[in-house]
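These numbers come from a predicted model, not from an experiment.
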Amino acid sequence: MTLLQKRRIALGSLFFLAGLCFSSWAARIPDIQVKFDLSESQLGTLLLGLPVGSLLALPLAGWAVHRFGSKIVAVISTVSYMIFLPMIGFSESMWMLVPLVFVFGMTGNLMNISLNTQALALEDRYGRNILGSFHGLWSLAGFTGAGIGAAMIFFGILPKFHYLSIAAMVLVVLLISYGFLVDEHERGAGGGLVLKRPDDLLLRIGGIAFLGMLCEGCMFDWSGVYFKKVVEIDPGLIALGYVSFMGAMALGRFISDRLTNRFGKILVLRSSGILMFCGLILSVLFPVPVVATLGFLVVGFGVASIIPIAYSTAGRSKLYSPGVALAIISTISFFGFLIGPPLIGFIADLLSLKASFTLVAFTGLGIAIFASVRTEVFFQTVTK
């Protein structure tokens, strides 16, 4: 095994553990609600702390990666993520829990930006796209974390001990992986807490990432509701749409690199947008279990390549360093992730849930259009 392959395995392991930490937290949210006797609105307020922390961490992440390098930030944020997860489980009051959830969100996004910057540096050494496979491992960790969480609940293991076991796993893997992380040299002139207007490339990629994350957020939060109220599937199969979407997205990310290397980023982005549009329209026009499941599967394949390609392209900006460019794109796309789910609810109240999903389908067409108009923008800083 070459050193490059060892580096890829080490970094992939950290991507997987980042996803495992997040999914482990999410799997025990119902237990945390019971422990603190939270109403639905109180739980919603608590959960808001995580995305707010994530959002506030973005400019800090860009500055820290540019200033200290992604390796140092990746190690510090991974250790912090590992520490704050069990601290959430050991919390005994809301005064402890709320700030811990907020900081957990911050450290998670510091880890996200630094690991993706590491992946871009490793991608440079490979000379081809490999970022999608790392995102695939993160998605795969979502299934693994849900399965471990279900087992922990079945055996009556408290969240704090569940989280401690995950933290121990993270520590062991980090100690093994540390020596293989890349000491990358930042590219680009821009760094720090940048407030100036992004260049045309980042604006274009940011728009694509925004639409992709808007759709992704809607699928995460509303798949079960759509299958319950529109598809009217058997209660035991309500999660079928979500599982088909997540499974296709995870699988799609493992093959997206190969497709991108063979056909180019622009064609893959166009095809991804069309798949998103067709899958959602299919589910709206024919809301029966088999067809709707197939539609959600197609949407998952469509969404799979959007963020890996957006990150890979943005990280090659000559105007900004990779860490700062990733922070800019993450900020833009994150707003899509936050806006999408409440937008679905608002339109569903005003019109119908089918009308909401029809609107989300047009995010796919938007991506296809962004990837088709003035394509020379993509080549200003990227030789692909």
Side-chain angles (χ1 to χ4, degrees), residues 12 15-16 19-20 22-23 26 129-147 208-209 211-228 230-231 233 237-263 265 267-311 333 336-337 340-341 344 357-358 360-365 367-368 371:
F15 266 90
F16 183 86
L20 188 64
F22 180 80
S23 59
N129 292 92
I130 61 170
L131 192 60
S133 61
F134 293 122
H135 286 245
L137 286 168
W138 195 97
S139 298
L140 182 63
F143 287 101
T144 306
I208 289 171
L211 293 174
M213 288 293 282
L214 190 152
C215 179
E216 191 173 326
C218 291
M219 298 300 288
F220 281 151
D221 290 0
W222 288 92
S223 292
V225 178
Y226 189 83
F227 265 62
K228 178 181 180 180
V230 178
V231 180
I233 200 168
L237 298 174
I238 284 175
L240 185 61
Y242 176 80
V243 171
S244 63
F245 167 76
M246 281 295 295
M249 187 173 72
L251 177 59
R253 284 179 168 168
F254 282 113
I255 64 176
S256 68
D257 292 326
R258 182 171 298 180
L259 294 174
T260 304
N261 290 320
R262 181 171 180 179
F263 299 109
K265 296 178 180 179
L267 182 58
V268 173
L269 284 174
R270 288 173 184 164
S271 303
S272 297
I274 292 170
L275 285 175
M276 290 164 61
F277 175 78
C278 292
L280 281 167
I281 290 297
L282 190 67
S283 302
V284 170
L285 293 178
F286 305 100
V288 294
V290 174
V291 180
T293 301
L294 176 62
F296 277 41
L297 193 79
V298 171
V299 176
F301 279 119
V303 168
S305 300
I306 302 299
I307 293 301
I309 290 178
Y311 279 16
S333 63
F337 193 79
I344 283 276
F357 272 69
T358 301
V360 175
F362 282 91
T363 61
L365 282 187
I367 289 171

Asker: Does S333 reach the main-chain N or O of M213 with its side chain, forming a donor-acceptor pair under 3.5 Å?
Answerer: no
Asker: Distance from I208 atom CD1 to T363 atom OG1, nearest 0.5 Å?
Answerer: 12.0 Å
Asker: Which is it for F362 and L211 under the side-chain contact (heavy atoms from CB on, under 4.5 Å) test, yes or no, and what are the steps along the way?
Answerer: CA-CA 9 Å; F362 282 91; L211 293 174; over 6 Å; no
Asker: Can any side-chain N or O of S271 pair as donor or acceptor with the backbone N or O of V268 at less than 3.5 Å?
Answerer: no
Asker: Can any side-chain N or O of R253 pair as donor or acceptor with the backbone N or O of G132 at less than 3.5 Å?
Answerer: no
Asker: Check A250 against L140 and note the closest heavy-atom contact, atom names and distance.
Answerer: CB-N, 4.4 Å
Asker: Quick one: closest heavy-atom pair of C215 and V303, and the distance?
Answerer: SG-CG2, 4.1 Å
Asker: Looking only at non-hydrogen atoms, find the nearest pair between F16 and L137 and report the distance.
Answerer: CD1-O, 3.5 Å
Asker: Just how far is it from atom CZ of F286 to atom CD1 of I281, taken to the nearest 0.5 Å?
Answerer: 11.0 Å
Asker: Which heavy atom of F337 sits nearest to which heavy atom of E216, and what is that distance?
Answerer: CE1-C, 4.4 Å
Asker: Can you measure from CG (L267) to OG1 (T260) and round to the nearest 0.5 angstrom?
Answerer: 9.5 Å
Asker: Examine distances only and state if a side-chain atom of Y226 and a backbone atom of S283 form a donor-acceptor pair shorter than 3.5 Å.
Answerer: yes
Asker: Heavy atoms only: give me the nearest S244-F296 pair and the separation to one decimal.
Answerer: OG-CB, 3.5 Å
Asker: Report the C-alpha separation of L269 and I309 in whole Å, then their side-chain angles, then the decisive distance to 0.1 Å, and conclude whether the side-chain contact (heavy atoms from CB on, under 4.5 Å) test is met.
Answerer: CA-CA 8 Å; L269 284 174; I309 290 178; 4.0 Å; yes
Asker: Tell me the closest heavy-atom pair linking I344 and V360, and the distance in Å.
Answerer: CD1-CG2, 3.4 Å
Asker: Just verifying a value: how many Å separate Y242 OH and F227 CZ, rounded to the nearest 0.5 Å?
Answerer: 13.5 Å
Asker: As an exercise, state the distance from CE of M276 to CD1 of I306, rounded to the nearest 0.5 Å.
Answerer: 5.5 Å
Asker: Quick one: NE2 on H135 to OG on S305, what's the gap to the nearest 0.5 Å?
Answerer: 11.0 Å
